[in-house]
Amino acid sequence: VSGQRRPSPQVGTRIRGGSGLGDAIYLRPICEHLARAGNAVTVMTNFGDVFLDSGVAVEPFRRDRVDLIAHYVGGKHNPSTTLWQDMCAHAGVTVPLHFDWKPRNKRLIRRLEQDAAGRPILLVHGGREPMGRRDKFGIELLPLEGAFNATIAALDDCFRVRVGRGDQLYPVTCDLDLTNNTSVADVLDIAATCAGVVSMCGFPVPLAEALDKPALFIWSSRGLAAAHDFIRTVTPGKILS
């Protein structure tokens, strides 16, 4: 119709962060923010489940042919900022670390609630390769077996559900072990419905923070004293938002 304003075409933005699951979780609020501003956002990640119902397109992770990078590495040695603040600064945005998640696997959640029999459900993650690295880089971040399991044992009034994938470096005694038996979406479902999170440093940190869940994170003193500064700067003050 003559004189009618046409909507402006969306601006396409291809964005990436790091390659891990935690990186994808951090990216979702940034991507949603850009999408709300009218961008047609495509995120480079191998963890597409994180972006379900976000209005964001997903392509496999790659480091080239992207328009925007949201990474923390530029602020790694700045003790006055958090990792999340560094990511937002790199992307040129200011946004809360939060997104909504509606559980999809109702059968899984019903099973957990039935097995818990009224006890609070805890998502537990630990005893695995830090950052998923098989070359042992960052192994100092792994809490000692005795310390981690003593913490889990003290929470025996809760229904403890262990999640994660890959090899176990040491066993963790929980009420239900779902190791290598969940999708990423399942893990987010559990996180969205649980009473709290207990974990070593890893993807459960941004997951608990983004979903506003009470959490207990177990740090390794070996990591805080590591020879490599990349590992030594992985401190609670830097990581926790």
Side-chain angles (χ1 to χ4, degrees), residues 18 20-26 72 76-77 79 81-84 97 112 115-116 119-182 184 186-188 190-241:
L21 174 53
D23 298 303
I25 293 168
Y26 278 119
Y72 57 80
K76 189 87 170 74
H77 296 93
T81 60
T82 66
L83 182 151
W84 174 242
L97 177 52
L112 298 184
D115 291 349
R119 287 178 290 167
I121 297 173
L122 294 184
L123 182 151
V124 177
H125 181 266
R128 304 187 186 283
E129 297 280 2
M131 301 179 289
R133 295 284 294 257
R134 294 183 177 273
D135 59 3
K136 302 301 180 184
F137 179 75
I139 194 64
E140 301 95 335
L141 296 172
L142 179 69
L144 294 177
E145 178 180 353
F148 192 88
N149 275 311
T151 304
I152 302 303
L155 297 166
D156 59 355
D157 57 338
C158 300
F159 186 73
R160 299 152 297 183
V161 181
R162 190 185 188 196
V163 299
R165 69 179 186 182
D167 298 335
Q168 300 181 90
L169 299 184
Y170 55 71
V172 176
T173 301
C174 286
D175 301 285
L176 179 63
D177 191 345
L178 294 180
T179 296
N180 296 320
N181 281 299
T182 62
V184 170
D186 289 339
V187 172
L188 268 68
I190 298 170
T193 56
C194 72
V197 174
V198 183
S199 177
M200 60 185 281
C201 184
F203 76 84
V205 173
L207 183 55
E209 293 187 324
L211 298 180
D212 299 322
K213 292 294 178 174
L216 171 62
F217 299 116
I218 303 166
W219 241 259
S220 166
S221 60
R222 295 180 302 156
L224 299 175
H228 199 295
D229 63 348
F230 186 93
I231 303 303
R232 193 172 58 252
T233 55
V234 180
T235 66
K238 187 66 179 178
I239 302 300
L240 303 182
S241 299

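Because only heavy atoms are used, hydrogens play no part in the values below, and waters and symmetry mates are left out as well, while side chains stay in. In this text the structure is predicted, and so the values were computed from the model without any measurement.
Side-chain N or O atoms of Arg232 include one that pairs as donor or acceptor with a backbone N or O of Ala227 at under 3.5 Å. In this structure, Asp175 contributes its side chain and Ile121 its backbone to no donor-acceptor pair below 3.5 Å. One N or O on the side chain of Asn180 and one on the backbone of Gly166 form a donor-acceptor pair closer than 3.5 Å. Of the possible polar contacts, none joining the Glu140 side chain to the Ala226 backbone as a donor-acceptor pair under 3.5 Å is found. At distances below 3.5 Å, not a single donor-acceptor pair connects side-chain atoms of Lys213 with backbone N or O atoms of Ala195. Using a distance-only test at 3.5 Å, with no hydrogens or angles considered, a donor-acceptor pair links the side chain of Asn181 to the main chain of Thr179.
For the atom pair CZ (Phe159) and CG (Leu112), the distance works out to 6.0 Å, reported to the nearest 0.5 Å. Distance check: Leu216 CG to Thr151 OG1 gives 6.5 Å after rounding to the nearest 0.5 Å. Here Leu188 contributes atom CG and Ile25 contributes atom CD1; the two are 5.5 Å apart, rounded to the nearest 0.5 Å. How far NZ of Lys136 is from CG of Leu142: 9.0 Å, rounded to the nearest 0.5 Å. Of the inter-residue distances, the one linking Lys76 atom NZ with Phe230 atom CZ reads 4.5 Å to the nearest 0.5 angstrom. Between the CZ atom in Arg165 and the CD atom in Glu129 there is a gap of 13.0 Å [rounded to 0.5 Å].
Contact of the Ile152 side chain with the Thr173 side chain is not registered, since no non-hydrogen atoms from C-beta on lie closer than 4.5 Å. At a threshold of 4.5 Å between non-hydrogen side-chain atoms, the residues Phe203 and Val184 do not count as touching. Between Phe217 and Cys201, the closest side-chain pair of non-hydrogen atoms is not below 4.5 Å. Using a 4.5 Å cut-off on side-chain heavy atoms (C-beta onward), Phe148 and Tyr170 make contact. The closest side-chain heavy-atom distance from Val205 to Ser241 is not below 4.5 Å. Counting heavy atoms from C-beta on, the side chains of Asn149 and Val172 come closer than 4.5 Å. For the pair Met200/Leu141, no side-chain contact is recorded, criterion being any heavy-atom separation below 4.5 Å from C-beta on. With a 4.5 Å cut-off on side-chain heavy atoms, Leu123 and Arg160 do not count as touching.
The shortest heavy-atom contact between Trp219 and Val234 is NE1-O, 2.8 Å. Shown here for Ala208 and Ala215, the closest heavy-atom pair between the two residues is CB-CB, 3.9 Å. In this structure, Ser199 and Pro204 approach most closely via the heavy-atom pair OG-CG, 3.3 Å. Looking at every heavy atom in both residues, Ile239 comes nearest to Tyr26 through O-OH, 3.9 Å. What you find for Ala191 and Leu211 is that their closest heavy atoms are CB-CD1, 3.8 Å. In terms of heavy-atom proximity, Asp229 sits nearest to His77 at OD2-NE2, 3.0 Å.
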Practice task
Decide side chain to side chain contact (heavy atoms under 4.5 Å, CB included) for Leu178 and Ile190; before the verdict, give the C-alpha distance in whole Å, the side-chain angles of both, and the deciding distance to 0.1 Å.
Solution key: CA-CA 11 Å; Leu178 294 180; Ile190 298 170; 4.0 Å; yes

Problem - From CA spacing to verdict: side chain to side chain contact (heavy atoms under 4.5 Å, CB included), Phe137, His228 - result: CA-CA 9 Å; Phe137 179 75; His228 199 295; 3.7 Å; yes

Practice task
Show the numbers, then the answer: is there a side chain to side chain contact (heavy atoms under 4.5 Å, CB included) between Leu207 and His125?
Solution key: CA-CA 12 Å; Leu207 183 55; His125 181 266; over 6 Å; no

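More than 12 heavy atoms of other residues, nucleotides or ligands shown are found within 6.0 angstrom of CZ on Arg119.
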